[in-house]
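Working notes, structure below.
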Amino acid sequence: MKIRKEIGNALLSILVVLGVGAFILFSLGELISGYLLQERVLLQVISDKDVKTDKFRQQVYQEDFLGVLEWEVIDLSEGCRLLGDEFRYLGFSRGWYGRRLSDECLLGAKREIVGVYNMRGEDTDGSYAYLVKEREVRMPPRIEKWNISSSMEGVQVEVVYNAERYRYFLNGDIKVDEILVLQSVVTDGFSLIIENRLWRLPMTQKAPYVVASLSLDEGEVLADYVHVDGIYLLQLNSSQTKGLSDIYIAFYEFDEQSSVIHRSKWLQIATLKVDAWRLLQVGYYRVFLEVVSQGDLSLLATNWQGSAVWGGQYLWRNKKGVECPLQAEPFMPVDGWVLGCQRAPIFKVNIK
């Protein structure tokens with residue numbers, strides 16, 4: 001009897017273990033099935049979102065799409081802050097909206113980040129993307145060529161602008177090598193500096209006349225930009241004793257009540273040994289210069305206000321062959337000059 005009782009207990013224990021095992025296996029099966037279902041649902045959600053994202057991108061990149069958006073322009077008073085604050089668009093009426101920076105914020109950049117927002121008329125439903133787009137950068141008008149020749153009676157100045165030739169004659173004892181031609185074009189003509197006097201050469205080809213006296217620094221003029229408020233000059237002043245040169249921006253301010261133009265700003269850009277230089281580009285906001293110093297070639301980039309164009313440095317080395325990470329591409333602001341990497345055209349998309 002005792003043996004049968006022990007056998008019965010053993011059988012009961014085995015049945016209990018088998019039951020518990022079957023329950024665990026069933027529970028694991030249900031759990032795994034649930035995980036598989038969740039994974040299939042998640043994959044479908046991801047797939048649907050990818051489809052929506054691709055469709056959103058296609059819409060954004062349609063021809064003339066950005067041109068018909070209702071744009072909000074962010075300016076200096078708002079700190080030139082474009083990114084963020086997307087959810088305030090949820091209160092807007094149904095439709096597409098765009099957000100971009102003003103020209104003063106962009107400072108003549110070739111590319112800009114814009115925000116595109118699609119509101120569907122529901123309080124919690126909307127999509128937005130930030131993308132990088134190329135922009136047409138307007139350049140200030142500049143004369144193409146000029147020639148100065150002397151004669152017994154004076155000096156003849158010939159200017160080529162918009163494929164047209166303009167000729168002027170200056171009387172008096174004027175030396176050719178003392179004439180500085182400013183390449184910037186103003187509404188009423190061209191400009192010369194002769195013996196600390198600013199001359200205007202009217203496009204109507206009337207006689208040249210003196211605008212004002214101007215006490216010009218001795219430094220060599222590398223680039224000029226004539227603004228409505230005055231004249232910006234990128235200048236180079238070399239020291240024969242130290243063998244170094246100061247590159248700086250001088251601003252000569254117009255004064256309507258005075259016949260004298262004074263220098264009101266002197267902004268230091270760089271100090272180095274300059275063996276050679278070449279002007280690459282002059283814009284409304286910035287100027288690019290190629291500089292050779294002790295055999296090294298560098299790109300000098302500065303805003304006319306004296307600040308660095310990118311980050312805190314003015315001089316950049318060429319990085320041809322740079323390898324950029326995912327969602328990035330080479331940054332080449334001037335033809336032939338690769339300075340690093342920049343964001344890919346679309347770098348952030350949020351689809352709901």
Side-chain angles (χ1 to χ4, degrees), residues 108 137-237 247-267 277-289 302-305:
V137 179
R138 295 185 306 110
M139 293 295 172
R142 296 172 66 78
I143 63 176
E144 298 150 23
K145 297 178 183 178
W146 67 91
N147 183 59
I148 304 173
S149 57
S150 61
S151 65
M152 295 294 293
E153 298 177 353
V155 174
Q156 177 178 284
V157 180
E158 184 179 74
V159 173
V160 179
Y161 173 63
N162 278 345
E164 292 190 28
R165 293 183 181 274
Y166 300 83
R167 292 181 177 86
Y168 306 90
F169 192 80
L170 303 175
N171 295 313
D173 184 17
I174 300 175
K175 296 180 181 179
V176 172
D177 57 0
E178 292 180 350
I179 299 177
L180 172 64
V181 179
L182 300 183
Q183 288 185 259
S184 299
V185 177
V186 293
T187 54
D188 55 345
F190 317 107
S191 304
L192 301 177
I193 296 177
I194 307 174
E195 295 181 344
N196 288 330
R197 287 186 175 182
L198 177 65
W199 287 70
R200 186 62 37 80
L201 310 179
M203 284 190 188
T204 57
Q205 299 201 38
K206 293 181 179 179
Y209 61 92
V210 175
V211 177
S213 297
L214 184 152
S215 182
L216 190 66
D217 286 351
E218 294 182 357
E220 180 181 4
V221 175
L222 309 181
D224 62 84
Y225 169 46
V226 181
H227 188 265
V228 65
D229 296 325
I231 301 174
Y232 289 94
L233 296 180
L234 180 66
Q235 296 188 248
L236 181 145
N237 199 345
I247 299 178
Y248 59 92
I249 289 176
F251 177 64
Y252 299 86
E253 187 174 13
F254 290 145
D255 185 353
E256 296 180 357
Q257 299 179 352
S258 173
S259 60
V260 180
I261 299 175
H262 297 283
R263 190 190 73 188
S264 60
K265 292 181 182 179
W266 192 95
L267 307 164
W277 61 271
R278 182 166 69 98
L279 185 62
L280 298 180
Q281 189 182 104
V282 176
Y284 285 104
Y285 297 97
R286 54 182 59 172
V287 55
F288 297 119
L289 192 75
T302 177
N303 292 313
W304 283 116
Q305 297 296 330

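This structure is a prediction, so every number in the text was calculated from the model and none was measured.
Between the CD1 atom in Ile261 and the OH atom in Tyr252 there is a gap of 10.5 Å [rounded to 0.5 Å]. Atom CG of Leu233 and atom CH2 of Trp266 lie 13.5 Å apart (nearest 0.5 Å). We find the CD-CG distance between Glu220 and Leu234 to be 10.0 Å, quoted to the nearest 0.5 Å. With values rounded to the nearest 0.5 angstrom, Phe190 atom CZ is found 4.5 Å from Tyr168 atom OH. Annotation: the span from Asp173 atom CG to Glu195 atom CD amounts to 8.0 Å, rounded to 0.5 Å. The CZ atom of Phe254 sits 8.5 Å away from the CG atom of Leu214 when rounded to the nearest 0.5 Å.
Of all non-hydrogen atoms in Gly283 and Met139, the two that sit nearest each other are CA-SD, 3.7 Å. Across all non-hydrogen atoms, the minimal contact from Arg138 to Tyr284 is O-CD1, 3.3 Å. The shortest heavy-atom contact between Tyr161 and Met203 is CE2-CE, 3.7 Å. Residue Ile174 comes nearest to Val155 through the heavy atom pair O-CG2, 3.5 Å, listed as atom of the first residue, atom of the second, then distance. Across all non-hydrogen atoms, the minimal contact from Ala250 to Arg263 is CB-CD, 3.9 Å.
With contacts defined as side-chain heavy-atom distances shorter than 4.5 Å, the pair Asp224/Gln183 qualifies. Between Val221 and Leu180 there is a side-chain heavy-atom pair separated by less than 4.5 Å. Proximity of Phe251 to Asp229: side-chain heavy atoms (C-beta onward) are separated by under 4.5 Å at one or more points. In this structure the side chain of Trp277 never reaches within 4.5 angstrom of the side chain of Ile247, judged on heavy atoms. Side-chain contact between Val210 and Trp199 is present, with heavy atoms from C-beta onward closer than 4.5 Å. Considering only heavy atoms from C-beta on, Val287 comes within 4.5 Å of Leu279 through its side chain.
For the pairing with Pro208, the side-chain contact (heavy atoms from CB on, under 4.5 Å) check across Leu201, Leu192, Ile194, Asn171 returns one residue only, Leu201.
Taking the six-membered ring where tryptophan is involved, the planes of Trp304 and Tyr232 are tilted, since the angle between them lies from 30° to 60°. The aromatic rings of Tyr225 and His227 lie perpendicular to each other, with more than 60° between the two planes, well past the 30° mark.
A donor-acceptor pair is defined here as one N or O able to donate and one able to accept, closer than 3.5 Å; no such pair exists between the side chain of Glu253 and the backbone of Ser264. Between the Tyr166 side chain and the Pro202 main chain, no donor and acceptor come within less than 3.5 Å of each other. A donor-acceptor pair is defined here as one N or O able to donate and one able to accept, closer than 3.5 Å; such a pair exists between the side chain of Glu144 and the backbone of Asn162. At least one donor-acceptor pair under 3.5 Å links the side chain of Asn196 to the backbone N or O of Leu216. In this structure a side-chain-to-backbone donor-acceptor pair under 3.5 Å is missing from Arg286 to Gln281. Formation of a donor-acceptor pair under 3.5 Å by the Asn147 side chain with backbone atoms of Glu158 is not found in this model. Using modelled atom types, no side-chain atom of Ser191 and backbone atom of Leu182 make a donor-acceptor pair closer than 3.5 Å.
Ser259 meets the side chain to side chain contact (heavy atoms under 4.5 Å, CB included) test with no other residue; sequence neighbours excluded.
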